[in-house]
S.K.: 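So that we are looking at the same thing, I have put the structure below in structure tokens.
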Amino acid sequence: MTIRLKLTLLFTALFASLLLVFATAIYFSNAKDREESYYNRLRQQAVTKADLLLGAKVQPSVLQLIYKNSLNSLPQEEVAVYDTSFNLLYHDAVYIDRVKETRGMIDSIVRLKEMHIFVRDLQAIGFLYHFGGKDYVVTSAARDIDGLAKLQDLRIALMVGFCGAILLTFLAGYFFSRQALQPVSQIVDKVEEITASHLDLRIDEGRGKDEIAELAITFNRMLDRLENSFEAQRQFVSNISHELRTPLATIIGELEIAAKKGRTLREYEELTQLILQDARRLVKLSNGLLDLAKASYDKAEIAFKEVRLDELLLDTRAALLKANSGYGVNIIFEREIEEDDFISVRGNEYLLKVAFTNLIDNGCKFSDDQQSTVAISFHAKNVILRFSDTGIGISPEDIANIYTPFYRGANKKYAEGHGIGLSLTGKIIHLHQGSLSVSSRVNEGTTFTVELPHL
Ligand code: ADP
């Protein structure tokens, strides 16, 4: 069932219930009023007759004659007067005696003083009438033809009105809910047009400030994010393929040369060395990509434990010096460490080592003297690590982009790389709730500052 139909039916049902309660109240209040006023009329007629009979001593036969010829009397009226011992003193029309008074009935009237009953379609009243020091029981019954007909008319009018009002409400509800839900239908039509290849399309946000406008704005924001991440993904894949293509093309070229006959052993050795170098670069790149994927994981998926950063830095230095004999890494403690906790963090040892390796490696490879310094300090909450070098520095234009995956600065010719080291480092530090900042001057040097919350 559509929301539109659901809304309309709900609205109609609500209105119908209210109207039903209202109509029922009107009908029953009218019915009660009619009943009461008719009992009053019956009582008046009966009192008049009882007065004529008992007070004016009009003969019952005369009274009956008056009754027969009276135009004012109520339809099928029957007035009877008894004494309290159930002796009939007067009865209007003996031939239409439809209310059969019984001894029990008379006794009840004497006890209750007044009784209202319905005898088939007749409305009857019986009451105790005190006259001339004696009690009499007077009964009066008749059919309220006019009142009942009016009540029936009211019933029909209410029923017709009820059905008409419900029909109108349903139609109006259906129409207005269509109007109200029109923007939703437009959104649905537009959304159907949006596919992965048309992520630039947007929903009309209108000028309203209602929930639907809010939905459209939220949806558009989500599309912005999706488009950006699709674009970033596309860019990432094309960068990877580009980075992989270059060394692969070199390897193929070198192998083609090797495949040609007539090479000396020395030439083969040189070619093998070149191929090995390219293959190592490929391994380094794929390792970097793998680390990048790991650092992009959900934090919950990575094992965290207590790590002493000075020890980790010493390990990192040892590994780097082993792989690059020309490098020099100087680790200095700016403050005396009174407690282990001040330089210990909760982190992933492997990922932190990757981050520090990148920073130290960059410092060495972008400096003539291949020297890099790591200064360790701490304050109340954080451990502070400064990775500095006196190398070629980064231009202000490049600083804004160095954390973008695959971005290499204008100084890239100075050293080899793939441009994923810093984006990976940034992700790792972020994953550890830390911060990474850089200050650099061209031809003077660069300092990367890492702050990590200590234990
Ligand atoms: P890669 O080192 O592989 O080029 P990175 O992501 O580690 O990639 O660094 C991105 C860029 O930032 C480098 O290409 C370089 O231009 C610049 N850069 C990073 N560290 C330094 C540094 N210590 N000195 C000079 N330039 C740096």
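One-based numbering, in listed order, for ligands and for the atoms of each.
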S.K.: For ligand 1, is there an atom lying under 4.0 Å from some heavy atom of F387?
M.R.: no
S.K.: Compute the shortest N/O to N/O distance between I394 and ligand 1 and return yes if it is under 3.5 Å, no if not.
M.R.: no
S.K.: With a 4.0 Å cut-off on heavy atoms, does G391 reach ligand 1?
M.R.: no
S.K.: Which atoms from ligand 1 have a heavy atom of G417 less than 4.0 Å away?
M.R.: 3 (O)
S.K.: Between ligand 1 and H418, is the shortest N or O to N or O distance under 3.5 Å?
M.R.: yes
S.K.: Can you name the atoms of ligand 1, numbered from 1 with element, that are less than 4.0 Å from a heavy atom of N411?
M.R.: 15 (C), 16 (O), 25 (C), 26 (N)
S.K.: Heavy-atom contacts with F448 under 4.0 Å: which atoms of ligand 1 show up? List them by number with element.
M.R.: 20 (N)
S.K.: Of all residues at least two apart in sequence or in a different chain, which pass the ring pair (Phe, Tyr, Trp, His ring centres under 6.0 Å) check with H418?
M.R.: none
S.K.: Give yes if a backbone or side-chain nitrogen or oxygen of F366 is under 3.5 Å from a nitrogen or oxygen of ligand 1, and no if not.
M.R.: no
S.K.: Below the 3.5 angstrom mark, is there an N/O of G421, backbone or side chain, next to an N/O of ligand 1?
M.R.: yes
S.K.: Hey, could you give me the CZ/CG distance between F406 and L289, rounded to the nearest 0.5 Å?
M.R.: 5.0 Å
S.K.: Is there any N or O on Y407 that sits under 3.5 Å from an N or O of ligand 1?
M.R.: no
S.K.: Under 4.0 Å from a heavy atom of K365: which atoms of ligand 1 are those, numbered in the order shown and with their elements?
M.R.: 1 (P), 2 (O), 3 (O)
S.K.: When you measure from the heavy atoms of K412 to every atom of ligand 1, does any distance fall below 4.0 Å?
M.R.: no
S.K.: Check for a donor-acceptor pair, side chain of T246 on one end and backbone N or O of H242 on the other, with a separation under 3.5 Å.
M.R.: yes
S.K.: Applying ring pair (Phe, Tyr, Trp, His ring centres under 6.0 Å), name anything that partners H379, two or more places apart in sequence or on another chain.
M.R.: none
S.K.: Tell me which one of Q123, R41, R34, K150 satisfies side-chain hydrogen bond (donor to acceptor under 3.5 Å, both in side chains) with D144.
M.R.: R34
S.K.: Let me confirm one number: the CG-NZ distance from N411 to K365, rounded to the nearest 0.5 Å.
M.R.: 10.0 Å
S.K.: Nearest 0.5 Å please: distance from the CD atom of E35 over to the CG atom of L148.
M.R.: 9.5 Å
S.K.: Would you tell me whether S37 and N40 have side-chain atoms, one donor and one acceptor, within less than 3.5 Å of each other?
M.R.: no
S.K.: Quick one: does N358 get within less than 4.0 Å of ligand 1, heavy atoms only?
M.R.: no
S.K.: Quick one: does D398 get a heavy atom under 4.0 Å from ligand 1?
M.R.: no
S.K.: Kindly check if the number of other-residue, nucleotide or ligand heavy atoms within 6.0 Å of OH (Y268) is above 12?
M.R.: yes
S.K.: Check D389 against ligand 1 and report side chain, backbone, both or neither, counting heavy atoms closer than 4.0 Å.
M.R.: side chain
